[in-house]
Novice: 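Please read through the structure below; I'll follow up with questions.
All values below were derived from every heavy atom in this structure, side-chain atoms included, with hydrogens, water molecules and symmetry-related copies excluded. All residue numbers refer to positions in the sequence shown, counting from 1.
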Amino acid sequence: MLMHVKPSGKADINRESPLAQVAGPAVMLLLAVLWSILVLFSLWTQREQLNRTAQQLARIDAIANLKKDMAIRKWASQVGGVFINEAKAPNVDAFSEQERLLANSTTGDNLKLISLTSIHILMGIQEVSNKEYGSKERLTSLQLHNRDNAPDEWETNALKSLQGGSELVAEAMPKKNGHGLMRVMIPMRMEEECLECHRETLVPVGGLRGAASVSIDLNTYWSAQEATWRTIQYWHLGIWLAGLVTLSTYWSFLRRRAREHVRQDQQRRENEAALQQQQLRLEESEARLRELAAFLQTVREEERAHIARELHDELGQALTALRMDLGWLRGKCGTHDKLGTPEGARVAAALGVVEQSIVSLRRISEDLRPAMLDSLGLAAAIEDHAARFSQRTGIPCQLQMNREEFELPGDLATAIFRIVQEALTNISRHASASEISIEVTERDDGIRLVVTDDGCGFDVTSRTKRFGLLGMRERITMLEGHLEIESRPGHGTRIDGWLPLHKKTST
């Protein structure tokens with residue numbers, strides 16, 4: 001059998017070396033890109049978290065401011081308003097209807113006082129807050145008395161939400177070139193003390209008559225977190241660079257391992273090539289040995305047949321002639337009443353020796369090459385050998401064959417007969433069996449031979465050399481068959497052989 005050694009090339013090394021593929025530049029680039037994406041994603045999530053924090057802080061401040069204003073308004077409503085110096089009062093048209101007083105100060109100055117309602121106080125506070133702190137607080141309502149307080153689109157939607165029962169509306173509004181605004185609105189419900197001034201609105205007590213709204217610039221809150229944001233950026237930059245250095249170091253390590261792996265793989269390939277050459281030579285040697293063994297087996301069978309024929313023809317004829325002569329001589333001795341004489345006894349003894357020699361010669365000749373195998377075929381030869389084995393050893397031998405005669409090539413028939421002969425010989429020597437079964441079955445593709453005994457068995461895994469079994473295996477292997485032996489101590493032995501049958505096709 002010829003074996004082809006595939007030359008080792010770079011493509012084969014890469015294909016067969018996963019380590020070299022992992023250590024490739026493309027893999028390194030992919031890992032670097034993935035690591036950069038991961039760091040950028042983490043940085044983005046941190047930025048979003050800071051944005052959410054800024055929005056939450058702005059929302060808290062806006063709600064606190066509005067609630068503070070509402071608390072001042074409530075206090076002013078409870079005390080019935082506040083009188084202040086009219087000269088310092090804001091310019092509000094509604095003041096023309098407010099109550100005025102003349103008062104003297106402790107210094108003797110005459111003062112003109114005007115009454116401020118809770119809504120006037122609230123508007124004044126919001127005006128100061130808008131001027132001093134940059135926030136935008138105002139009052140608005142869906143029922144307008146002052147068009148300057150008309151709600152915008154967001155405020156209109158927020159007022160509708162408050163009418164539906166909400167206690168607070170807050171939303172971060174995006175804005176170009178900045179972080180946007182945090183807009184918050186809280187309701188202003190109709191109270192008993194409010195009916196005197198707002199009865200014409202027809203809003204019942206507890207109903208929504210307006211709302212206080214505030215808009216806060218988120219840039220202020222984001223600016224407060226700039227230091228934190230820079231620290232986060234520096235940390236992510238350091239983590240990103242450290243990851244790249246780690247990846248680069250690990251990649252260099254993998255490259256060294258890959259090169260070492262390639263070198264070892266190349267060396268292994270060179271050693272596989274040498275091994276294949278040795279294997280090829282070994283297989284060629286085994287093939288020649290099998291050819292020689294087959295030739296020797298054929299020569300041995302031919303020599304056996306030749307010796308058997310010589311024994312049968314030459315020595316057998318000589319013994320037969322000698323037996324005839326001794327028989328004639330005994331007859332002569334008997335005619336002259338000399339049978340009881342010493343000469344007659346010796347003639348009778350010689351005749352017995354000749355008779356026994358003829359029987360031994362026939363047995364030896366049959367063992368060397370059974371004439372029945374060549375004249376009557378395999379089935380008759382196995383049947384005769386099994387019968388003589390049972391007669392000689394006293395062990396019953398059950399024989400089953402699915403053909404009255406097997407039309408087989410000479411070498412195949414000889415191999416089957418010899419395997420049966422060797423199996424029976426081993427059983428008689430070692431098995432101490434009480435019963436033997438032989439089964440020969442011919443199929444379209446081959447011959448199956450099974451020999452079973454109920455003897456003492458043996459350990460098939462032992463390293464004891466059993467030349468009889470080796471001979472059986474060798475015979476079957478030469479004919480491209482296979483042999484299986486099953487045995488355990490105390491459980492008998494089963495020999496199962498299969499020999500392929502290559503039938504000739506007519507052309």
Novice: So among L424, T452, V450, which one has a side-chain contact (heavy atoms from CB on, under 4.5 Å) with I438?
Specialist: L424

Novice: For atom CE of M173, decide whether the heavy atoms of other residues, nucleotides or ligands shown that lie under 6.0 angstrom number more than 12.
Specialist: yes

Novice: Do other residues, nucleotides or ligands put more than 12 heavy atoms under 6.0 Å from the CH2 atom of W154?
Specialist: yes

Novice: At their closest point, which heavy atom of I427 faces which heavy atom of A433, and how far apart are they?
Specialist: CG2-CB, 3.9 Å

Novice: D265 side chain to H261 main-chain N or O, any donor-acceptor pair under 3.5 Å?
Specialist: no

Novice: Is it true that R257 and E260 make a salt bridge, defined as a side-chain N closer than 4.0 Å to a carboxylate O?
Specialist: no

Novice: Working to the nearest 0.5 Å, report the span between CD of Q264 and CZ of R259.
Specialist: 13.5 Å

Novice: Quick check for you: to the nearest 0.5 Å, what is the distance between F458 atom CZ and S487 atom OG?
Specialist: 4.5 Å

Novice: Do other residues, nucleotides or ligands put more than 12 heavy atoms under 6.0 Å from R488 CZ?
Specialist: no

Novice: Report yes if the side chains of W498 and D445 come closer than 4.5 Å at any heavy-atom pair, otherwise no.
Specialist: yes

Novice: Of the non-hydrogen atoms in A32 and L244, which two are nearest, and what is the gap between them?
Specialist: CB-CD2, 4.0 Å

Novice: Distance check, rounded to the nearest 0.5 Å: I239 atom CD1 versus W35 atom CH2?
Specialist: 7.0 Å

Novice: Provide the closest heavy-atom pair for A58 versus M182 in the form atom of the first, atom of the second, distance.
Specialist: CB-CB, 3.8 Å

Novice: Can you find a pair of side-chain heavy atoms, one from D496 and one from R448, that are under 4.5 Å apart?
Specialist: yes

Novice: Would you check if N426 and M472 make a side-chain contact, meaning some heavy-atom pair closer than 4.5 Å?
Specialist: yes

Novice: Looking at S390 and I395, would you say the former's side chain and the latter's main chain have a donor-acceptor pair under 3.5 Å?
Specialist: yes

Novice: Under 6.0 Å from the CD atom of E153, do we count more than 12 heavy atoms belonging to anything else shown?
Specialist: no

Novice: Side chains of H236 and S42: does their closest heavy-atom pair fall under 4.5 Å?
Specialist: yes

Novice: As an exercise, state the distance from SG of C397 to CD1 of I436, rounded to the nearest 0.5 Å.
Specialist: 5.0 Å

Novice: Mind checking whether S437 and Q400 have side chains closer than 4.5 Å, heavy atoms only?
Specialist: no

Novice: Before you tell me yes or no, could you show the steps for L162 and M185 under side chain to side chain contact (heavy atoms under 4.5 Å, CB included), namely the whole-Å CA-CA distance, both residues' side-chain angles and the distance that decides it to 0.1 Å?
Specialist: CA-CA 9 Å; L162 294 177; M185 179 180 285; 3.7 Å; yes

Novice: Please name the pair of heavy atoms, one in I416 and one in L449, separated by the smallest distance, quoted to 0.1 Å.
Specialist: O-CD2, 4.1 Å

Novice: Would you say that V27 contacts L31 through its side chain, given a criterion of any heavy-atom pair below 4.5 Å between the two side chains?
Specialist: yes

Novice: For side chain to side chain contact (heavy atoms under 4.5 Å, CB included), just list the numbers for E48 and T45, CA-CA rounded to whole Å, side-chain angles, deciding distance to a tenth of an Å, and then say yes or no.
Specialist: CA-CA 5 Å; E48 290 299 310; T45 56; 5.6 Å; no

Novice: Closest heavy-atom contact between L483 and G497?
Specialist: CD1-CA, 3.7 Å

Novice: What do you reckon, is CD of E383 surrounded by more than 12 foreign heavy atoms closer than 6.0 Å?
Specialist: no

Novice: Is the ring pair W229/W222 parallel, tilted or perpendicular, if the boundaries are 30 and 60 degrees?
Specialist: tilted

Novice: Hey, is D453 close enough to R494 for a salt bridge, meaning N to O under 4.0 Å?
Specialist: no

Novice: Salt bridge between E171 and R183, side-chain N to carboxylate O under 4.0 Å?
Specialist: no

Novice: Taking the side chain as every heavy atom from C-beta outward, state whether L181 and I216 have any pair of such atoms under 4.5 Å apart.
Specialist: no

Novice: Hey, does L168 have a side-chain heavy atom less than 4.5 Å from the side chain of R59?
Specialist: yes

Novice: Atom OG1 of T493 and atom CD of E486: how far apart are they, to the nearest 0.5 Å?
Specialist: 10.0 Å

Novice: Do S428 and T393 get their side chains close enough for a donor-acceptor pair, meaning under 3.5 Å?
Specialist: no

Novice: Ion pair present between R475 and E422, side-chain N to carboxylate O less than 4.0 angstrom?
Specialist: no

Novice: If you round to the nearest 0.5 Å, how far is CD1 of I419 from CD1 of I447?
Specialist: 11.5 Å

Novice: List the steps, then state whether side-chain hydrogen bond (donor to acceptor under 3.5 Å, both in side chains) holds for Q266 with R263.
Specialist: CA-CA 5 Å; Q266 182 66 26; R263 185 188 66 79; over 6 Å; no

Novice: Checking side chain to side chain contact (heavy atoms under 4.5 Å, CB included) for the pair D384/L376: CA distance, chi angles, key distance, verdict?
Specialist: CA-CA 11 Å; D384 178 71; L376 299 180; over 6 Å; no

Novice: Evaluate whether atom CD of Q391 has more than 12 neighbouring non-hydrogen atoms of other residues, nucleotides or ligands under 6.0 angstrom away.
Specialist: no

Novice: Taking atom CZ of R281 as the centre, does the number of heavy atoms from other residues, nucleotides or ligands within less than 6.0 Å exceed 12?
Specialist: yes

Novice: Go through L237 and Q233 one step at a time and tell me if the side chain to side chain contact (heavy atoms under 4.5 Å, CB included) criterion holds.
Specialist: CA-CA 6 Å; L237 178 61; Q233 288 178 314; over 6 Å; no

Novice: Tell me if the CD atom of Q163 is crowded by more than 12 foreign heavy atoms within 6.0 Å.
Specialist: yes

Novice: Check step by step if side-chain hydrogen bond (donor to acceptor under 3.5 Å, both in side chains) holds for R52 and Q49.
Specialist: CA-CA 5 Å; R52 287 191 293 270; Q49 182 62 39; 2.9 Å; yes

Novice: Would you name the heavy atoms of A413 and L378 that are closest together and state the gap between them?
Specialist: O-CD1, 3.5 Å

Novice: Quick one: which of N51, D61, T53 gives a side chain to side chain donor-acceptor pair (under 3.5 Å) with Y221?
Specialist: D61

Novice: Are D454 and S434 linked by a side-chain donor-acceptor pair shorter than 3.5 Å?
Specialist: yes

